[in-house]
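What follows is a short report on a single structure.
What you see is a predicted model; the values in this text were computed from it and never measured. Heavy-atom basis, side chains included; hydrogens, waters and symmetry copies ignored.
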Amino acid sequence: MSRHVVVRDFERVPAEILKELAEEGASTVHEADGRRGAFTPELRPIQSGARIAGAAVTVSCHPGDNLMIHAAVETVRPGDVVVITTTSPSTDGMLGDLLATSLRAHGAIGVILDAGVRDAAELREMGFPVWARAISPQGTVKASPGSVNVPVAVCGQVVNPGDGIVADDDGIVVVPRDRAAAVLAAARKRTASEASKRERLAAGELGVDMYGLRPLLERLGVEYQ
């Protein structure tokens with residue numbers, strides 16, 4: 001059996017859950033899931049203000065080779081986020097405006113790329129969100145096999161095809177498909193709680209009082225003078 005595969009069909013987090021996870025944002029979702037799922041911060045958005053959530057289409061590529069990204073396009077469905085990694089570290093420009101145009105035509109709403117991106121200005125003009133390790137003009141080839149829609153490791157997290165990916169200016173969070181509904185419920189509660197706290201802080205209440213921190217400060221030996 002080949003160790004390189006393209007998996008066409010898999011279960012995804014339901015679209016209605018993903019829509020609300022996007023509204024909650026990466027930081028709230030991370031906290032709501034017990035502070036799990038956050039990618040380490042090496043991948044940064046090439047644009048500002050994008051906030052997306054979609055089901056993961058995963059791609060494992062040879063460094064400097066974007067063949068498998070092209071192979072992944074036909075597996076993309078509307079609302080998906082394409083998560084791309086390489087089998088060893090790379091900052092080569094694996095994706096540019098042409099591949100992004102193809103991915104968008106099949107419904108992708110963004111890309112998480114553990115490598116380099118090129119055509120940054122064109123991608124911003126397109127309004128196609130990408131989070132990447134680097135921006136680089138370094139070209140790639142199409143020569144080496146890899147896999148599509150298999151589990152991949154990216155920035156300290158394992159991403160399975162169909163998992164929820166939430167990404168914005170704060171960073172990227174993965175939510176396992178089987179926990180997505182519960183995480184959304186917890187995120188809603190957290191957002192409601194924060195709205196109340198925001199009102200109290202805006203009215204001038206001190207955080208040390210609202211959170212009951214004065215006894216903690218005293219136990220830690222902090223003295224007011």
Just how far is it from atom CZ of R36 to atom NE2 of H30, taken to the nearest 0.5 Å? 10.5 Å

Counting only heavy atoms not in K189 (residues, nucleotides, ligands), do more than 12 fall under 6.0 Å from its NZ? no

According to a hydrophobic-cluster definition based on side-chain heavy atoms being under 4.5 Å apart (Ile, Leu, Val, Met, Phe, Trp, Tyr only), do V152 and F10 belong together? no

Listed partners of T87 passing side chain to side chain donor-acceptor pair (under 3.5 Å), at least two apart: none

Could you point out which residue of L43, I52, V166 forms a side-chain contact (heavy atoms from CB on, under 4.5 Å) with I172? L43

Quick one, V158 and D163 - any side-chain contact, counting heavy atoms below 4.5 Å? no

Find the distance between CG (L95) and CD1 (I69) and round it off to the nearest 0.5 Å. 5.5 Å

Start with the C-alpha gap between L103 and V73, add the side-chain angles, then the distance that decides, and say whether side-chain contact (heavy atoms from CB on, under 4.5 Å) holds. CA-CA 6 Å; L103 288 168; V73 172; 3.7 Å; yes

Hydrophobic cluster partners of V141 (side-chain heavy atoms under 4.5 Å): none

Restricting to pairs with a member in residues 38-57, which pass salt bridge (charged side-chain N to carboxylate O under 4.0 Å, His left out), not counting sequence neighbours? R51-D168

According to a 4.5 Å side-chain heavy-atom criterion applied to Ile, Leu, Val, Met, Phe, Trp and Tyr, with indirect links allowed, do V130 and V76 form part of one hydrophobic cluster? yes

Is V57 close to N149 at the side-chain level, that is, under 4.5 Å between some pair of heavy atoms? yes

Evaluate the side-chain proximity of Q138 to T91: yes if any heavy-atom separation is below 4.5 Å, no if none is. no

Report the residues that fulfil salt bridge (Lys or Arg N to Asp or Glu O under 4.0 Å) with R8, sequence neighbours left out, ordered by chain and then residue number. E74

Test side-chain contact (heavy atoms from CB on, under 4.5 Å), reference V174, set I165, V154, N160, V29, output is I165

Quick one: salt bridge (Lys or Arg N to Asp or Glu O under 4.0 Å) partners of R179, sequence neighbours excluded? D33

Full working for side-chain contact (heavy atoms from CB on, under 4.5 Å) between D65 and T140: CA-CA 5 Å; D65 191 317; T140 58; 5.7 Å; no

Transitive ILVMFWY cluster of L201 at side-chain heavy atoms under 4.5 Å: who else is in it? L206, V208, M210, Y211, L213, L216, L217, L220, V222, Y224

On a heavy-atom basis, which atom in P151 and which in P161 lie closest, and how many Å separate them? N-CD, 4.1 Å

Going by side chain to side chain donor-acceptor pair (under 3.5 Å), name the residues that satisfy it together with R219, two or more places apart in sequence or in a different chain. none

Could you list all the side-chain hydrogen bond (donor to acceptor under 3.5 Å, both in side chains) pairs where at least one residue sits in residues 11-23, not counting sequence neighbours? E11-R177, R12-D80, K19-E23, E20-R188

Is there a side-chain contact between F39 and V159 (heavy atoms, below 4.5 Å)? yes

Indicate if M126 and I84 have the same hydrophobic cluster label, given that clusters are the connected sets of ILVMFWY residues with side-chain heavy-atom separations under 4.5 angstrom. yes

Nearest heavy-atom pair of M68 and V148: which atoms, and what distance? O-CG2, 3.6 Å

From CG (L123) to CD (Q47), nearest 0.5 Å: 8.5 Å

To the nearest 0.5 Å, what is the distance between CZ on R200 and NZ on K197? 8.5 Å

If you draw a 6.0 Å radius around CD in E218, do more than 12 non-hydrogen atoms from other residues or ligands fall strictly inside? no

Could you list all the salt bridge (charged side-chain N to carboxylate O under 4.0 Å, His left out) pairs where at least one residue sits in residues 100-110, not counting sequence neighbours? none

With sequence neighbours left out, write down each residue that passes side chain to side chain donor-acceptor pair (under 3.5 Å) with E125, or none if nothing qualifies. none

Whether the side chain of D92 engages the backbone of G139 through a donor-acceptor N/O pair (distance < 3.5 Å, no angle test) should be reported. no

About how many Å separate CG of L184 and CG of L18, when rounded to the nearest 0.5 Å? 9.5 Å

So, for R118 and G93, which heavy atoms are closest and what is the spacing to 0.1 Å? CD-O, 3.5 Å

On a heavy-atom basis, the closest approach of G171 and A26 is O-CB, 3.7 Å

Which donor-acceptor pairs under 3.5 Å do side chains of residues 106-114 form with protein atoms, sequence neighbours excluded?
{"residue": "D114", "atom": "OD1", "partner": "R133", "partner atom": "NE", "Å": "2.6"}
{"residue": "D114", "atom": "OD1", "partner": "R133", "partner atom": "NH2", "Å": "2.8"}

Answer yes if W131 and I46 sit in the same cluster of Ile, Leu, Val, Met, Phe, Trp and Tyr residues linked by side chain heavy atoms under 4.5 Å apart, and no otherwise. no

In short, G64 meets S90 closest at the heavy-atom pair N-OG, 3.8 Å

Before you tell me yes or no, could you show the steps for S48 and D169 under side-chain contact (heavy atoms from CB on, under 4.5 Å), namely the whole-Å CA-CA distance, both residues' side-chain angles and the distance that decides it to 0.1 Å? CA-CA 6 Å; S48 179; D169 285 347; 3.8 Å; yes

Could you state whether V83 and L67 fall into the same hydrophobic cluster, counting links through intermediate Ile, Leu, Val, Met, Phe, Trp or Tyr residues with side-chain heavy atoms under 4.5 angstrom apart? no

Check: S193 main-chain N/O paired with S196 side-chain donor or acceptor under 3.5 Å: no

Cluster companions of L98 among Ile, Leu, Val, Met, Phe, Trp, Tyr (side-chain spacing under 4.5 Å): none

Do the side chain of H4 and the main chain of S147 share a donor and acceptor less than 3.5 angstrom apart? no

Roughly how far apart are T86 OG1 and H62 NE2, rounded to 0.5 Å? 9.5 Å

